[in-house]
2 protein chains.
Amino acid sequence: MKSIRSTLSLLAIVVVGHTVIAQAQDPLPSWNDGAAKEAIVNFVQTTTQTGGANFVPPEERIATFDNDGCLWAEQPMYFQAFFVFDRIKSLAPQHPEWKDKEPFASVLRGDMKSALSGGEHALIEMAMATHAGMTTEEFETIVTDWIATARHPKTGRLYTEMVYQPMLELLAYLRANGFKTFIVSGGGIEFMRPWTEKVYGIPPEQVIGSSIKTQFEVRDGKPVLVRLPEMDFVDDGAGKPVGIQMHIGRRPIAAFGNSDGDLQMLQWTAAGPGARLCLYVHHTDAEREWAYDRKSSIGKLDRGLDEAPKRGWLVVSMQRDWKFIFPFEGN
Amino acid sequence: MKSIRSTLSLLAIVVVGHTVIAQAQDPLPSWNDGAAKEAIVNFVQTTTQTGGANFVPPEERIATFDNDGCLWAEQPMYFQAFFVFDRIKSLAPQHPEWKDKEPFASVLRGDMKSALSGGEHALIEMAMATHAGMTTEEFETIVTDWIATARHPKTGRLYTEMVYQPMLELLAYLRANGFKTFIVSGGGIEFMRPWTEKVYGIPPEQVIGSSIKTQFEVRDGKPVLVRLPEMDFVDDGAGKPVGIQMHIGRRPIAAFGNSDGDLQMLQWTAAGPGARLCLYVHHTDAEREWAYDRKSSIGKLDRGLDEAPKRGWLVVSMQRDWKFIFPFEGN
């Protein structure tokens, strides 16, 4: 169901091509014209058209986005893992025992592959050693300092530059149409909050992620929240609908992911009544980004690729559907 | 630091008295003129005045409110306890064993005092028996049906009518000035969410409360979240700053409570930099509401009454400071 305005807008683009005029009218200029872009625009128009059959009141326009591999890149490993490794190196002088203790010893030797070979147990041990033991304010400062300076080993860019321009446009387009945009990520909630407002326009109260426990204490008369070395919640896979219910208390009408870790979030979103938009970002561009799916150890997309066509979910090919991937490409 | 506009506005009220004109200018018409009302208005003006020394950008204007005894009444017991008892009566036919099993047997005999004599253990047992075992959607329907029909044993009013008119005005006044209002309650998060948007203008994603665990399942091809009989989080006392950090990720600049269960929330709020507003509602009106504080088993306010004057927190006397208490009084 395309509105007249939408049709006119598409015609304008066809007629005048990539001129300034078309760009000004196009809310998604970094998206190539095609089925994916059209489906997104149709969804927004149909859910926001007052009096329309699919109209959704503003307070129910909830859209949830995975972060790693959906809003920013995640190769050659989750960016938070680089943060963990950098923290281990910074903290090493206070932990002489790490020189002989795995997985820390491998990190200090620069052998990240061996460090990660210990699997989930090693990862959690490293996360706890670097994410706990300080106050929430101290951790916020640590993340803020790191994200402002750390650079990606391949591109040399700041990690916050390695966000997807088409997704930034999608976030802004949804918000301009009364949607409330949330992050629902397996990443650490307090690792994301210090920079998501600036980078994505998503405030801390709209960030959902994995967390460790915290404890209220009064230290020297000053109340603090101390971060404890104990997992509280894992916001991945079947945890995502749980996290959504806990934080939002309302089912999203649109959900965006890129891996099997987002499958249950998309299922949960799709199962509600009325118009729904479920979308997978498919990493298909080995030249401009990375190409991976069913066999990847990071951001594996296997079940999701089978489910999407059966359920009418969009699969966006980065190579085919995105004119630009990173903001710096256009410059 | 009072702005010219505020001074003029106060003068207008003094000059014309309680006329329609004054009411139209007064954002808090159910508050008697006095130190409490003046402090609230001053706080809002000083934090929203662009260029002022105490200006707070809109995204940081976070205000948190306790619910029981702060936004609605809590006597002769928490309203959620009435819900629990009503649920036990409704579910009794499916639980013949409850006739001989405490605390259920006492509830079914109508002896609520005995039912509550088992302390926290008995309360949790009753809560789990009535709040778990169904999907989140089923529970929402149960709460919605109950809150629409159940009536308070003393006033005969719907529970949602027993909200405090001055606090409704305060919520609206803060929001009109760019504040984001949150509930931070020891009550069940999913017990509040079905009605807080309608009653308080607070959407589900801005409700923080105690919770039980939920689990994602696919039942007959349909994804559901099942409520499990296991506590997840207790949002009371030292839990309140933890809940605030988990859900909001930002320290409030204003906090409102009425009991020692709110003490740590007020401490946490007060400890941030810049202008802060911390306020206790003091139940001092035995005639229009209830009068209780240091010795009450429900909504005990003891440490808070000692701390407030030392720290410059407002203590609002319902008897002295509130012209009306409940919305129905004015009718």
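So you know, we letter chains A, B, ... as the sequences are listed, proteins then strands, and number each from 1. Atom set for the values below is all heavy atoms of this structure, side chains included, hydrogens, waters and symmetry mates excluded.
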**Request:** Give, as side chain, backbone, both or neither, the part of A:F233 having an atom under 4.5 angstrom from any heavy atom of chain B.
**Result:** neither
**Asked** Would A:E140 and B:R250 pass as an ion pair if we require N to O under 4.0 Å?
**Response** no
**Asked** Could you state the interatomic distance from CD1 (B:I244) to OG1 (A:T214), rounded to the nearest 0.5 Å?
**Response** 11.0 Å
**Message:** With chain B as the partner, which of A:K222, A:Q215, A:K213, A:E197 has the greatest number of non-hydrogen pairs under 4.5 Å?
**Reply:** A:E197
**Message:** Using the rule given for side chain to side chain contact (heavy atoms under 4.5 Å, CB included), can you reason through A:M246 versus B:M246, listing the C-alpha separation, both sets of side-chain angles and the distance that settles it, and then say yes or no?
**Reply:** CA-CA 10 Å; A:M246 172 57 66; B:M246 172 57 66; 6.0 Å; no
**Message:** Does any part of the side chain of A:E59, heavy atoms only, come nearer than 4.5 Å to the side chain of B:P203, both counted from C-beta?
**Reply:** no
**Item:** Closest approach of B:G249 to A:R193 (non-hydrogen atoms, all atoms of both residues)
**Value:** CA-NH1, 3.3 Å
**Message:** Heavy-atom pairs under 4.5 Å with chain A - which of B:I62, B:V242, B:L225 has more of them than the others?
**Reply:** B:L225
**Request:** Count the heavy atoms of every other residue, nucleotide or ligand shown that sit under 6.0 Å from CZ of B:R294, and state whether that count exceeds 12.
**Result:** yes
**Prompt:** Where on A:I248 is there a heavy atom nearer than 4.5 Å to chain B: the side chain, the backbone, both, or neither?
**Reply:** both
**Item:** Result of checking B:K180, B:H247, B:Q206 against A:E205 for side chain to side chain donor-acceptor pair (under 3.5 Å)
**Value:** B:K180
**Asked** Between B:F216 and A:K240, does a side chain to side chain contact (heavy atoms under 4.5 Å, CB included) hold up when you go through it step by step?
**Response** CA-CA 9 Å; B:F216 180 83; A:K240 290 205 175 191; over 6 Å; no
**Asked** Quick one: what part of A:V207 sits under 4.5 Å from any heavy atom of chain B, side chain, backbone, both or neither?
**Response** neither
**Message:** Heavy-atom cut-off 4.5 Å, strictly under: side chain, backbone, both or neither for B:E217 against chain A?
**Reply:** neither
